[in-house]
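So the structure is just underneath, and the comments pick up after that.
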Amino acid sequence: MTQKIILLIASALGALTVAIGAFGAHALAPMLQATNRVDTFETAVKYQMYHTLALLAVGLLLFQVQQPALQVAAWCFFLGILIFSGSLYVLILTGVTWLGAITPIGGTLLIVGWGALFYAVMKAL
């Protein structure tokens with residue numbers, strides 16, 4: 001993934017996160033309350049935004065540091081967001097509870113992304 005692609009994805013995910021959060025706060029609020037999924041939705045949106053910012057940081061860090069581990073971090077953050085937050089969004093909207101079983105895969109990818117970022121910084125400094 002190139003630096004430009006990373007920054008474009010982070011920018012798009014940032015806008016999407018705000019839109020999803022607003023949609024949930026307004027249009028989905030009654031359904032989220034009725035199904036007791038408000039906390040699940042908030043977790044999905046928070047993790048998406050935190051890791052979108054992490055992805056943005058990786059893209060910006062690539063201006064200064066050329067470490068292959070940064071590519072690993074970028075992929076892990078991107079795929080982690082898709083799997084972690086995405087599975088929670090689908091669970092909320094459909095009620096398909098087995099998707100909760102894949103959410104930890106996304107969480108693991110997010111953790112690996114932070115580890116790869118740590119490794120890249122350690123190698124660069």
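Just so it is clear, the values below take in all heavy atoms, side chains as well, and ignore hydrogens, waters and symmetry mates.
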Which atom names give the shortest non-hydrogen contact between Val72 and Ala116, and what distance separates them?
-> CG1-CB, 3.8 Å
Drop me the distance from Leu56's CG to Leu61's CG, to the nearest 0.5 angstrom.
-> 11.0 Å
For residues 63-80, pull every pair meeting side chain to side chain donor-acceptor pair (under 3.5 Å), keeping only residues two or more places apart or in separate chains.
-> none
Side chain to side chain donor-acceptor pair (under 3.5 Å) pairs, two or more places apart, involving residues 109-125 = His51-Trp114
Heavy-atom closest contact (Gly100 atom, Leu91 atom, distance) = N-CD1, 4.0 Å
Give a yes or no on whether Val121 and Ile6 share a hydrophobic cluster (residues Ile, Leu, Val, Met, Phe, Trp, Tyr; joining criterion: side-chain heavy atoms under 4.5 Å apart).
-> yes
Transitive ILVMFWY side-chain link Val65 to Leu60, under 4.5 Å = no
Can you find a pair of side-chain heavy atoms, one from Tyr47 and one from Ile81, that are under 4.5 Å apart?
-> no
Got a second to check how far Gln3's CD is from Leu70's CG, nearest 0.5 Å?
-> 10.0 Å
Minimum heavy-atom distance between Gly113 and Ala73, given as atom pair plus value | O-CB, 3.5 Å
Can you tell me how far CE of Met1 sits from CG of Leu8, rounded to the nearest 0.5 angstrom?
-> 11.0 Å
Mind checking whether Leu13 and Met49 have side chains closer than 4.5 Å, heavy atoms only?
-> no
Stepwise side chain to side chain contact (heavy atoms under 4.5 Å, CB included) test for Ile20 and Phe41 = CA-CA 10 Å; Ile20 290 170; Phe41 182 79; 3.8 Å; yes
Which hydrophobic side chains are connected to Phe118, either touching it within the sub-4.5 Å cutoff or through other members that do?
-> Met122
May I ask whether Val112 and Leu53 are part of the same hydrophobic cluster, defined by side-chain heavy atoms of I, L, V, M, F, W, Y residues being less than 4.5 angstrom apart, directly or through others?
-> no
Do you reckon Phe23 sits in the same ILVMFWY cluster as Leu16, going by side-chain contacts under 4.5 Å, direct or chained?
-> yes
Minimum heavy-atom separation for Thr52 to Thr17, with atom names?
-> OG1-OG1, 4.0 Å
Establish whether Val45 and Leu93 are linked, either directly or via other cluster members, by ILVMFWY side-chain heavy-atom contacts under 4.5 Å.
-> yes
Test ring-ring contact (aromatic ring centres under 6.0 Å, His included) applied to Phe78 - qualifying residues, sequence neighbours left out = none
Could you give all pairs that pass the side chain to side chain donor-acceptor pair (under 3.5 Å) test and reach residues 25-45, with sequence neighbours left out?
-> none
Which pairs with one or both residues in residues 81-109 pass side chain to side chain donor-acceptor pair (under 3.5 Å), sequence neighbours excluded?
-> Gln48-Tyr89, Ser87-Thr103
Of all heavy-atom pairs linking Phe77 and Leu55, the shortest is CD1-N, 4.1 Å
